[in-house]
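Values below: every heavy atom of this structure, side chains too, minus hydrogens, waters and symmetry copies.
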Amino acid sequence: MVTGSHNPPEFNGFKVSVGKSTIFGEEIQNLRRLIEKGEFTVGKGNVSHEEIIRSYQDYIKRIFTSRKG
């Protein structure tokens with residue numbers, strides 16, 4: 001995930017998840033070293049593209065409509 005915030009630029013960047021946890025500190029540095037060396041594990045994966053705008057708009061409408069009162 002690419003992240004950004006109202007914090008200074010050094011706190012913006014990429015968020016890397018492994019399962020439900022994010023990696024940070026020395027784990028990020030290990031990932032950097034692996035990328036720089038080009039030593040990648042061979043495996044299978046896939047890429048999918050989803051149109052999410054309509055679903056997100058519907059979700060926002062639902063949660064705010066339910067709070068009227």
By salt bridge (charged side-chain N to carboxylate O under 4.0 Å, His left out), E51 pairs with (sequence neighbours left out) none
Holding to side-chain contact (heavy atoms from CB on, under 4.5 Å), I want the full list of residues that pass it with I60, two or more places apart in sequence or in another chain.
Y56, I63, F64
Can you tell me how far the CG atom of L31 sits from the CD1 atom of I35, to the nearest 0.5 Å?
4.0 Å
List in chain and number order the residues that pass side-chain hydrogen bond (donor to acceptor under 3.5 Å, both in side chains) with E50, two or more places apart in sequence or in another chain; answer none if no residue qualifies.
none
Tell me, which pairs form a salt bridge (charged side-chain N to carboxylate O under 4.0 Å, His left out) where one or both residues lie in residues 18-29, sequence neighbours left out?
E26-R33
Sequence neighbours excluded, which residues qualify as side-chain hydrogen bond (donor to acceptor under 3.5 Å, both in side chains) partners of E36?
R32
OG1 on T22 to CD1 on I28, rounded to 0.5 Å
8.0 Å
